[in-house]
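Counting begins at 1 with the first residue of the sequence. One-based numbering, in listed order, for ligands and for the atoms of each.
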Amino acid sequence: MALGIISIFRHHGRQYIKDLRKASIPEGFRGRPVIAKDITPEEQQTAISVCPTGAILTGPFRLDLGKCEFCSECAFAVPGKIRFTNDHRLAVSKREDLVIHAGEDKPLAVDPLVVRKEIRSYFGQALKLRQVSAGGDNSAEMELNAAGNVNFDMGRYGIEFVASPRHADGIVITGPISGNMSEALQICYDAVPSPKIVVLAGTAAISGGIFENSPELRREFIETVSPDLYVPGNPPHPLTFINGILDLTERK
Ligand code: SF4
């Protein structure tokens, strides 16, 4: 029996990622985009024409990660002028910081000046979160589940999802917030004791994504709260989510 278990452990090897703060994702992952400074007006128009969500804007030319589906169509359309790096650290605390301008190649980060003081004083050691799938397609939800698996193991930092909002310190919203989930989302938020945090995980939660202009969405909730963390991606990678939470709560 014991030999059998040892054999299984040896076969599995070491599954957990030792240092999530320094972990990198192989080339090919679509992370933070970089736009060449010399992208021409014609190339800009080509990129705009293939973008399904209106994430690319002009005056000045820029790409809004809060609307980006990471489909890479723009990078295919103007090769060499828009490229996606494997930098997975995309979470920010200000919505406007998700906008990437031509010629910029700098990491995205949580701005400590806008993080509420109580977040760091109350949630610096442990953070329990209630996840609300508000019309999501289960992709972001699966990645959030993966954040707690044996590989990423965010529980090592005291970060966990809990079943009841009464036991939570905040909510993580996925999905574009459909009409039939808007009331449930509000009820869940109200049930979380204060102080509480709000995290938007995934492009759909941040902007509505491809459903942005759908009459079936009810996104008024987002306007009544000030989200503390924006985690872009379609879906966001577990490392993007975990490192964003760690930056927000100032964990080393
Ligand atoms: S990768 Fe983003 S910006 Fe580029 S075409 Fe797709 S949605 Fe638009």
Side-chain angles (χ1 to χ4, degrees), residues 24-109 134-144 173-178 199-217 219 222 227 229-241 243-244:
S24 60
I25 302 178
E27 296 290 335
F29 173 75
R30 291 173 200 158
R32 179 174 54 81
V34 174
I35 305 166
K37 201 172 181 181
D38 62 352
I39 186 166
T40 65
E42 294 74 30
E43 290 166 334
Q44 293 179 10
Q45 286 307 317
T46 302
I48 290 169
S49 69
V50 299
C51 182
T53 59
I56 303 178
L57 304 155
T58 52
F61 189 74
R62 60 203 190 275
L63 192 161
D64 182 357
L65 280 186
K67 294 185 171 197
C68 178
E69 299 287 346
F70 293 79
C71 65
S72 243
E73 286 301 316
C74 55
F76 294 140
V78 288
K81 295 304 175 78
I82 298 178
R83 64 185 174 87
F84 283 80
T85 71
N86 64 339
D87 181 2
H88 62 270
R89 298 184 72 139
L90 306 174
V92 298
S93 47
K94 286 190 297 188
R95 175 68 179 86
E96 57 267 34
D97 285 350
L98 291 177
V99 177
I100 309 285
H101 291 86
E104 276 180 7
D105 188 359
K106 58 179 187 199
L108 300 179
D137 61 5
N138 207 32
S139 58
E141 293 83 349
M142 286 175 70
E143 297 299 334
L144 293 178
I173 304 170
T174 54
I177 312 182
S178 54
V199 178
L200 302 181
T203 300
I206 295 171
S207 68
I210 58 172
F211 303 108
E212 184 179 10
N213 298 315
S214 169
E216 301 304 321
L217 300 191
R219 293 181 55 80
I222 299 296
L229 191 67
Y230 300 86
V231 188
N234 184 30
H237 194 281
L239 285 175
T240 307
F241 178 76
N243 278 297

Fill in: Phe29 ring center near His237 ring center (under 6.0 Å)
yes
Worksheet item: Listed by chain and number, what are the salt bridge (Lys or Arg N to Asp or Glu O under 4.0 Å) partners of Glu43, not counting sequence neighbours?
Response: Lys81
Item to complete: With salt bridge (Lys or Arg N to Asp or Glu O under 4.0 Å) as the test, would you mind laying out the steps for Asp64 and Arg95 before giving the verdict?
Response: CA-CA 10 Å; Asp64 182 357; Arg95 175 68 179 86; 2.8 Å; yes
Practice prompt. Assess whether side chain to side chain donor-acceptor pair (under 3.5 Å) is satisfied between Thr174 and Glu141, documenting all intermediate values.
Written response: CA-CA 7 Å; Thr174 54; Glu141 293 83 349; 2.9 Å; yes
Practice prompt. Determine the sole option in Leu229, Leu144, Ile173 for which the side-chain contact (heavy atoms from CB on, under 4.5 Å) test with Val199 is passed.
Written response: Leu229
Worksheet entry | Neighbouring protein residues of ligand 1 - any heavy atom closer than 4.0 Å | Cys51, Pro52, Thr53, Ala55, Ile56, Leu63, Cys68, Glu69, Phe70, Cys71, Ser72, Glu73, Cys74, Phe84
Worksheet item: Can a donor-acceptor pair be found between the side chains of Asp87 and Thr85 at a distance below 3.5 Å?
Response: no
